[in-house]
Amino acid sequence: MVRQGVGALAFSVFLFFSCSPDVSTSVSGEDDTLRGRSQSLEQSVPWTAELEGSVLAENAESGLPAGDEMPLALAFSSGAESERPVYPRLAGGFSLDVSSMDSGALEAVEGFLSALQDGNSLEPFIENGMMYTLALFLHDFAQAYGNAAVYDYAAGEPFFSEETYQCPARLFLRSGSGGKSAADVYLFLRNAGSGWKIVQLELF
């Protein structure tokens with residue numbers, strides 16, 4: 001009886017080890033699957049180009065979102081190419097997504113803001129007969145911000161209605177004493193056949 005019991009026990013141990021899964025093979029297989037999923041996810045995430053890198057580095061005192069870190073221009077996607085990336089937003093302001101804007105209109109906006117920053121002539125970006133809107137804008141700007149200079153800017157997502165773009169922009173300002181502030185302005189643009197020109201400027 002003892003001999004039969006020992007034989008039965010040995011046979012049971014043999015069956016247990018022979019039927020147990022190969023642990024190393026299982027872990028390796030899982031590792032390969034996770035690695036494959038990770039690589040697939042990484043390839044499916046659409047990254048947007050850097051938008052106004054120097055502007056996004058500013059802190060909340062300059063009008064940017066409060067917090068320890070700026071939101072990344074990143075969109076997590078399920079892989080559908082039709083999904084749009086998610087763009088950052090300025091604190092209390094607007095999205096920095098200008099992808100819907102006509103390239104000529106965006107060039108006019110960038111040209112005007114760059115000229116304003118560099119102190120160059122602004123008249124070439126204004127529609128003929130609309131120079132009064134530039135004069136009013138410069139007057140209102142001086143009244144509100146004195147001799148503050150534009151050291152950077154960011155254009156935002158535009159509205160489009162009746163053949164006219166209404167594009168928001170934030171001007172980052174530095175006073176003579178080094179203090180920083182920001183001003184928001186709407187640029188209204190229309191294409192009258194000679195290219196996109198600014199027809200109205202409005203601080204808001």
Side-chain angles (χ1 to χ4, degrees), residues 48-66 70-71 73 87-204:
T48 66
E50 182 182 6
L51 298 174
E52 305 294 346
S54 58
V55 173
L56 296 181
E58 293 294 332
N59 57 30
E61 295 180 355
S62 299
L64 291 179
M70 282 294 304
Y87 291 80
R89 298 181 66 90
L90 294 180
F94 40 82
S95 168
L96 298 182
D97 179 9
V98 294
S99 61
S100 66
M101 198 169 193
D102 178 270
S103 59
L106 181 58
E107 183 177 346
V109 169
E110 292 283 349
F112 176 84
L113 296 176
S114 178
L116 187 62
Q117 176 182 350
D118 298 337
N120 296 331
S121 175
L122 302 172
E123 287 82 355
F125 305 98
I126 308 299
E127 177 68 25
N128 291 333
M130 299 292 183
M131 291 299 168
Y132 68 89
T133 192
L134 176 60
L136 288 175
F137 166 73
L138 294 177
H139 174 269
D140 292 344
F141 183 87
Q143 288 289 101
Y145 302 101
N147 63 348
V150 179
Y151 71 90
D152 216 333
Y153 58 84
E157 184 174 17
F159 305 96
F160 186 75
S161 177
E162 298 180 356
E163 306 301 320
T164 301
Y165 277 112
Q166 179 182 348
C167 181
R170 178 159 296 179
L171 308 176
F172 295 90
L173 311 175
R174 181 182 289 114
S175 67
S177 61
K180 293 181 179 181
S181 58
D184 290 335
V185 58
Y186 278 127
L187 297 86
F188 296 82
L189 300 95
R190 190 165 54 225
N191 190 343
S194 58
W196 290 94
K197 298 288 185 178
I198 296 172
V199 297
Q200 185 178 342
L201 294 162
E202 178 182 318
L203 288 171
F204 70 95

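- Ring orientation note: the planes of Phe204 and Tyr186 are close to parallel, at an angle under 30° on the 30°/60° scale.
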Intermediate values then yes/no, side-chain contact (heavy atoms from CB on, under 4.5 Å), Leu90 and Asp184: CA-CA 11 Å; Leu90 294 180; Asp184 290 335; 5.7 Å; no
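- Rounding to the nearest 0.5 Å gives a distance of 5.0 Å between CD1 of Ile126 and CG of Leu201.
- The minimum heavy-atom distance between Met130 and Val199, with the atom names listed, is SD-O, 3.9 Å.
- Residue Glu202 qualifies as enclosed at atom CD: its count of foreign heavy atoms under 6.0 Å is above 12.
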Steps toward side-chain contact (heavy atoms from CB on, under 4.5 Å) verdict (Met101, Leu189): CA-CA 11 Å; Met101 198 169 193; Leu189 300 95; 4.2 Å; yes
Phe188/Thr133 under side-chain contact (heavy atoms from CB on, under 4.5 Å): CA gap, chis, key distance, verdict: CA-CA 11 Å; Phe188 296 82; Thr133 192; over 6 Å; no
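- Evaluated for a side-chain contact (heavy atoms from CB on, under 4.5 Å) with Tyr153, the options Val185, Leu113, Leu116 yield exactly one hit, Leu113.
- The line from CG of Leu173 to CD of Gln117 is 11.0 Å long, rounded to the nearest 0.5 Å.
- Of all heavy-atom pairs spanning Glu127 and Ala192, the tightest one is OE2-CB, 3.9 Å.
- The distance from the CD1 atom of Ile198 to the CE atom of Met131 is 10.0 Å, given to the nearest 0.5 Å.
- Atom CD of Glu107 is separated from atom OG of Ser114 by 11.5 Å, given to the nearest 0.5 angstrom.
- In this pair, Phe125 and Phe112 present their aromatic rings perpendicular. The plane angle is above 60°, beyond the 30 to 60° band.
- The two atoms that bring Leu96 and Ala155 nearest to each other are CD2-O, 3.7 Å, heavy atoms only.
- When side chains are defined from C-beta on, Tyr165 counts as touching Asp102, because their heavy atoms get closer than 4.5 Å.
- The side-chain hydrogen bond (donor to acceptor under 3.5 Å, both in side chains) test with Asp97 is passed by exactly one of Ser100, Ser99, Ser95: Ser99.
- Between atom OH of residue Tyr151 and atom OG of residue Ser175 there is a gap of 10.5 Å, rounded to the nearest 0.5 Å.
- When the shell of 6.0 Å around CZ of Phe159 is examined, it contains 12 or fewer heavy atoms from other residues, nucleotides or ligands.
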side-chain contact (heavy atoms from CB on, under 4.5 Å) between Thr164 and Gln200, worked out: CA-CA 10 Å; Thr164 301; Gln200 185 178 342; over 6 Å; no
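- For the pair Phe141 and Leu171, the minimum side-chain heavy-atom distance is below 4.5 Å.
- Phe94 contributes atom CZ, which lies 5.5 Å from atom CZ of Arg170 (distance to the nearest 0.5 angstrom).
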